[in-house]
2 protein chains.
Amino acid sequence: MILSRIILGLLAIAPMSGADLKRQFDTTVNHFWSADKAQIYRTLAALVDERLASVTVVPGTTAPDSQEHRITDAGRVALVAWLDSELDRQPERDAFIARIFLAESLSDDAVGRLIERRRAAALEQLAALETIEASAAPARTRGEHLRLATLDHGLRHVRTELEWLDTVEEQLP
Amino acid sequence: MILSRIILGLLAIAPMSGADLKRQFDTTVNHFWSADKAQIYRTLAALVDERLASVTVVPGTTAPDSQEHRITDAGRVALVAWLDSELDRQPERDAFIARIFLAESLSDDAVGRLIERRRAAALEQLAALETIEASAAPARTRGEHLRLATLDHGLRHVRTELEWLDTVEEQLP
DNA sequence: CGAGACTAGTTGACAAGTCTCCTAGTCCCG
DNA sequence: CGGGACTAGGAGACTTGTCAACTAGTCTCG
């Protein structure tokens with residue numbers, strides 16, 4: 001459901017093929033959603049099925065011709081309906097925090113290593129976000145403004161994460 | 001996999017029935033994981049199946065006798081193995097941020113409402129975490145210390161979220 | 001005593017997400 | 001020319017998580 005609406009939203013920004021969408025999910029959109037390509041193609045097929053999107057085959061230089069999907073009028077209606085609907089409350093889920101919570105039986109060293117690995121992941125995330133930020137044009141339209149705000153959201157949370165890791169590490173041994 | 005290890009970890013703190021676990025997932029552990037009761041009972045059965053936990057029926061005052069599960073030695077081994085294993089990288093996933101990213105076609109009012117609903121959810125979360133914090137005993141053992149650190153993690157992120165919501169709202173109209 | 005609420009545990013169906021492998025075609029390089 | 005890497009698209013099996021309904025017993029209160 002959510003994935004189908006996100007795809008619809010991306011198609012509303014520009015028509016795209018499945019492979020294009022996969023690239024979006026791996027880069028610009030990665031800080032709040034991601035998707036397996038199998039899932040993307042299936043969802044795309046379902047959207048066309050429901051007449052929320054349409055396909056046109058674009059013969060190109062590469063292998064199977066890419067299939068450009070574009071949002072239909074019905075699709076736009078469905079998209080706005082979702083955007084404006086009740087928030088789906090989503091459970092917090094963080095396996096790393098779970099490990100820390102349960103780390104009683106782990107040695108200090110092992111806990112330290114855990115923290116370091118998380119820090120590495122967070123720094124990677126930070127770098128990825130900063131790259132996107134650096135390559136982003138200054139926001140002119142409201143749409144661009146909102147998209148930048150979500151980047152800022154990601155950055156703030158990664159930084160909070162890094163700060164938290166620092167304090168945990170300090171208090172450790 | 002992760003759920004089964006978390007349950008194992010909780011059983012390592014104290015033997016518990018399925019209903020007890022459900023209560024944990026709804027309260028103390030809620031800020032980083034949650035689980036449906038169907039899932040809990042099924043996972044518990046699997047753990048017993050793999051000899052990582054054992055059951056004893058505790059006849060009690062209420063309806064079906066509760067089944068106390070306790071972690072076995074093999075279970076402790078499996079738990080530590082998981083705690084100390086490579087971090088499972090988990091994709092960020094936040095449907096709310098997705099909506100903001102795609103909110104171009106929404107009216108200013110609608111975006112404002114979205115923000116307000118998120119703020120309400122965040123404040124609720126904050127209250128829940130503060131309640132747990134207030135009722136928590138000061139950490140004496142390292143285990144308690146680590147558990148408090150995860151609470152702090154939750155609090156920091158909710159506060160970051162609220163700050164972000166403020167700045168987004170300011171820049172809005 | 002009997003109705004209704006509550007309890008622990010259980011089942012089935014389903015939706016969402018992941019992993020592995022496959023087809024066909026193009027491109028590059030030795 | 002032939003092999004290997006890469007591309008877009010896709011099928012299948014499997015795991016996780018969610019939802020709804022059900023059993024069977026206890027407790028409370030009119």
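Reckoned from all heavy atoms, side chains included, excluding hydrogens, waters and symmetry mates. Please read these numbers as outputs of a predicted model, since none were measured by experiment. The sequence lines fix the lettering, A, B, ..., with proteins before strands; numbering per chain opens at 1.
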### Query
If you measure only the distance, is there a donor-acceptor pair under 3.5 Å linking the side chains of B/Thr27 and B/Asn30?
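Side-chain D/A pair, B/Thr27 to B/Asn30: absent.
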### Task
State whether a side-chain donor-acceptor pair under 3.5 Å links A/Glu161 with B/His153.
yes
I'd like to know if [X] and [Y] make a salt bridge, using a cut-off of under 4.0 Å between side-chain N and carboxylate O.
X: A/Asp20; Y: A/Arg23; value: yes
X: B/Arg99; Y: A/Asp88; value: yes
X: B/Arg118; Y: B/Asp94; value: yes

### Query
Near DNA chain C, which residues from residues 16-31 of chain B have a heavy atom under 4.0 Å away?
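DNA chain C contact set from residues 16-31 of chain B: B/Ser17, B/Gly18, B/Ala19, B/Arg23.
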To the nearest Å, how far apart are [X] [atom1] and [N] [atom2]?
X: A/Ile7; N: C/dG17; atom1: CD1; atom2: P; result: 10 Å
X: B/Leu44; N: C/dG9; atom1: CG; atom2: P; result: 8 Å
X: B/Asp88; N: C/dT18; atom1: CG; atom2: C1'; result: 14 Å
X: B/Gln67; N: D/dT23; atom1: CD; atom2: P; result: 19 Å

#### Entry: Cation-pi, A/Trp82 ring and A/Arg5 (6.0 angstrom, 45 degrees)
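Cation-pi check for A/Arg5 and A/Trp82: fails.
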### Query
Is the distance from OP1 or OP2 of D/dG10 to the nearest side-chain N or O of A/Tyr41 less than 4.0 Å?
no
Provide a list of protein-nucleic acid N or O atom pairs under 3.5 angstrom, restricted to nucleotides 15-18 of chain D.
| from | atom 1 | to | atom 2 | distance (Å) |
| --- | --- | --- | --- | --- |
| D/dT16 | OP1 | B/Met1 | N | 3.0 |
| D/dG17 | OP2 | B/Gln39 | NE2 | 2.4 |
| D/dG17 | O5' | B/Gln39 | NE2 | 3.1 |
| D/dG17 | O3' | A/Arg93 | NH1 | 3.4 |
| D/dT18 | OP2 | A/Arg93 | NH2 | 3.4 |
| D/dT18 | O4 | B/Arg42 | NH2 | 2.9 |

#### Entry: Position toward the 5' end of DNA chain C (nearest nucleotide), A/Lys37 or B/His69
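Nearest-nucleotide comparison on DNA chain C picks B/His69.
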### Task
Supply the atom-to-atom distance B/Phe96 CZ to A/Ile2 CD1, rounded to the nearest 0.5 angstrom.
13.0 Å
### Task
Just say parallel, tilted or perpendicular for the rings of A/His157 and B/His157, cut-offs at 30° and 60°.
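Aromatic pair A/His157/B/His157 classed parallel.
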